[in-house]
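Just so we're on the same page: letters track the sequence lines, and every chain starts at 1. Quick note: numbers below take in every heavy atom, side chains included, and nothing from hydrogens, waters or symmetry partners. Keep in mind that this is a model prediction, so the values were computed, not measured.
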2 protein chains.
Amino acid sequence: MVKITDVARHAGVSPSTVSYALSGKRPISEETRRRVEASIRALGYRPHAGARALASSKSNVLALVVPLRAGIHVPVVMQFAVSVVTTARAHDHDVLLLTQEEGEEGLSRVADTALVDALIVMDVQLDDPRLPLLRALERPSVLIGFPAEPTGLTCVDLDFRAAGELCVEHLAELGHRVVALVGSAPEVYVRRTAFAQRVVQGFTAAADRYRLSSAVHPCAASPAAARATAERLLREQPALTGVVVHNEPVLEPLVDAFEQLGLRVPEDLSVTAICPRELAESLRVPVTSVALPSAEIGARAVELLMGKLDGAAVDESTLLPARLTRRASTAPRKLP
Amino acid sequence: MVKITDVARHAGVSPSTVSYALSGKRPISEETRRRVEASIRALGYRPHAGARALASSKSNVLALVVPLRAGIHVPVVMQFAVSVVTTARAHDHDVLLLTQEEGEEGLSRVADTALVDALIVMDVQLDDPRLPLLRALERPSVLIGFPAEPTGLTCVDLDFRAAGELCVEHLAELGHRVVALVGSAPEVYVRRTAFAQRVVQGFTAAADRYRLSSAVHPCAASPAAARATAERLLREQPALTGVVVHNEPVLEPLVDAFEQLGLRVPEDLSVTAICPRELAESLRVPVTSVALPSAEIGARAVELLMGKLDGAAVDESTLLPARLTRRASTAPRKLP
DNA sequence: TTGAAAGCGCTAACAA
DNA sequence: TTGTTAGCGCTTTCAA
């Protein structure tokens, strides 16, 4: 293995000069820098990560905790993960993958052993059991999602409450008076997952504000559940003309089910969704939607973390604004 | 930060005794072990990962390279990743996540800096550009998938060739004479992704052996493409009665498309798939399938790597046997 | 602008 | 069964 002393000897300088040439933490003459760089290339030198971590107390690794539970939409998780890795690499960091299963013990393990410098936690619940630990940890962390009590934590997410409101407002402005929210799987609510709760809050608040008749239906992530939900909606709210869907895997089967039940989208029923843009665009009838910007959220999480690692004061709360894009699935209510 | 010398002092032993008590690499008296463990707990000691890696030249971290390209089915990738992480943790290792994008440079970076002890590479192409590097690397690796020339590499995968054969054999034995393979997205074949190619080989070989009339159709991962493929199949092979689907996102829309075109499954058309078991079971008509055991493959990859890290001689090639499960989507051919 | 040298916290060879 | 000690390869302070 080539080490820093080998490079130093080859370049005719001291090891510290090589180190500084690499880190840029002190000025190096043009001439010396060139020699050092040439030697590094000639010898194929790569600094040893462990030695670096030991000497500098920085591992340049971030932990990413991904959820693996019922009701979460896997492609969205992957998009997050990829954007976290990509952004982290742009900041010269790597990403260690942890599963939710490892729980609090996993978090303290990687933090306390200095395996990672900082942590990103996904799928936060309103009353997440990991919060006290994250607050106490000596390493910075960023949550993707807002718990009920975010004080002392750094959180980033789409403004899901606004997303729920925007969908209802859009439907209300199109003249719809009876609306429903088809939400995530029941387990997601049982766990009090933050983002799901906030959509419900936004939906309900806006529906009340506009004096709409409204209902909320959790829905499991299967075509069968989608069909059952569609049937139930029509039974319980026969005058229904507006639906908000916050459940990716169910969006397409739900629209299909409505059409099979004789409701044309958007002629008889307007549908809006909160989901990744690509999904909304990919349906046979492109769906009016509030985009879920996974890549942006992941990138933002990493950047916040980099700020904290640099000792900067960063915003405790980053709510990415919800924006609604009109597509073919919504239309003014037909007058009876 | 609590360090090993603190623990040693607290327990009244030497640092090496603490180290050995932790690693079990030499016998420790019951009495001493108890004292050491008590001190570790009392002080909340956690060994510093970097210091460990430096002294032992083992980081206890594996690299996992995940694909992010068109035509790969994201949930399957996540299943792999999760099973790799879970299995790695069972062997006291962590997992560093790399994206395909980082390419060969990313592999040598994490290997040469000793950030990781070993690597797992997914989405291998028949003539993967990373193979020479992986062969030359001083650290062990395992490929998920078989390249054209696997000599000198350790590979694990489902026996996709056998999977393709099994599906055809099953159809042939049910009396079907005209069959088609609906494969992965065209890009996947352009890249010569190993598993997709092998399915085609198995499908074709078995069809020839049984003297079936057969055709292969790559298909993009969208409902629209599924529908177009269904129409094309019926146009080009009007006597078609058996279909093999090797394309997860397309399975359900394809079956729907066939039914809308007036073909009942399985009465008019028998459908088999190569896909995760859960997907095959979840359709309205459960699909006869060869299961893609992602979790098993991921676990096996980690175990092979652990063997190699322990200096064991492991099989160069691990082909998990393909097994076909009959479900409701296949039936004997109706006689005309 | 550069060099010398003291650690960073741990493991493992050597010695007892 | 245990202790002593020499590194592991790098960063960073101190000194020039």
For residues 41-49 of chain B, run the donor-acceptor check on the side chains, cut-off 3.5 Å, and write out each pair with its distance to 0.1 Å, sequence neighbours left out.
| from | atom 1 | to | atom 2 | distance (Å) |
| --- | --- | --- | --- | --- |
| Arg46(B) | NH2 | Glu105(A) | OE1 | 3.2 |
| His48(B) | ND1 | Gly50(B) | N | 3.0 |
| His48(B) | ND1 | Ala51(B) | N | 3.0 |

Who pairs with Asp128(B) by salt bridge (charged side-chain N to carboxylate O under 4.0 Å, His left out), at least two apart in sequence or on another chain? Arg130(B)
Give a yes or no on whether a salt bridge exists between Arg191(B) and Glu187(B), defined as a side-chain N under 4.0 angstrom from a carboxylate O. no
SB check Glu31(A) Arg35(A) (cutoff 4.0 Å): yes
Which residues pass the side chain to side chain donor-acceptor pair (under 3.5 Å) test with Glu102(A), not counting sequence neighbours? Arg109(A), Arg89(B)
Taken in chain and number order and not counting sequence neighbours, the residues that satisfy side chain to side chain donor-acceptor pair (under 3.5 Å) with Arg33(B) are none
Which part of the nucleic acid, if any, lies within contact of Ser16(B), taking any heavy atom under 4.0 Å across all strands shown: a base, the sugar-phosphate backbone alone, or nothing? base
May I ask you to list the residues of residues 18-42 of chain A, by number, that have any heavy atom positioned under 4.0 Å from an atom of DNA chain C? Arg26(A), Pro27(A), Ile28(A), Ser29(A), Thr32(A)
Taking every heavy atom of Ala53(B) against every heavy atom of Ser59(B), the minimum-distance pair comes out as CB-CA, 4.0 Å
Show the nearest heavy-atom pair for residues Arg26(A) and Ser16(A), with the distance to one decimal. NH2-OG, 4.1 Å
Enumerate the residue pairs fulfilling salt bridge (charged side-chain N to carboxylate O under 4.0 Å, His left out) with a member in [range], sequence neighbours excluded, ordered by first and then second residue.
range                       : result
residues 294-315 of chain A : none
residues 4-13 of chain A    : Asp6(A)-Arg9(A)
residues 133-142 of chain B : none

Pair up each side-chain donor or acceptor in residues 140-153 of chain A with any protein partner under 3.5 Å, not counting sequence neighbours, and list the distances.
| from | atom 1 | to | atom 2 | distance (Å) |
| --- | --- | --- | --- | --- |
| Glu149(A) | OE2 | Thr151(A) | N | 3.1 |
| Glu149(A) | OE2 | Thr151(A) | OG1 | 2.2 |

Between residues 43-54 of chain B and DNA chain D, which residues have a heavy-atom gap below 4.0 Å? Leu54(B)
When you list every nucleotide of DNA chain C with an atom under 4.0 Å from a heavy atom of chain B, which one comes first 5' to 3', and which comes last? dG9(C) to dC14(C)
For chain B and DNA chain D, what are the first and last nucleotides along the strand, 5' to 3', with at least one atom under 4.0 angstrom from a heavy atom of the protein chain? dT1(D) to dG9(D)
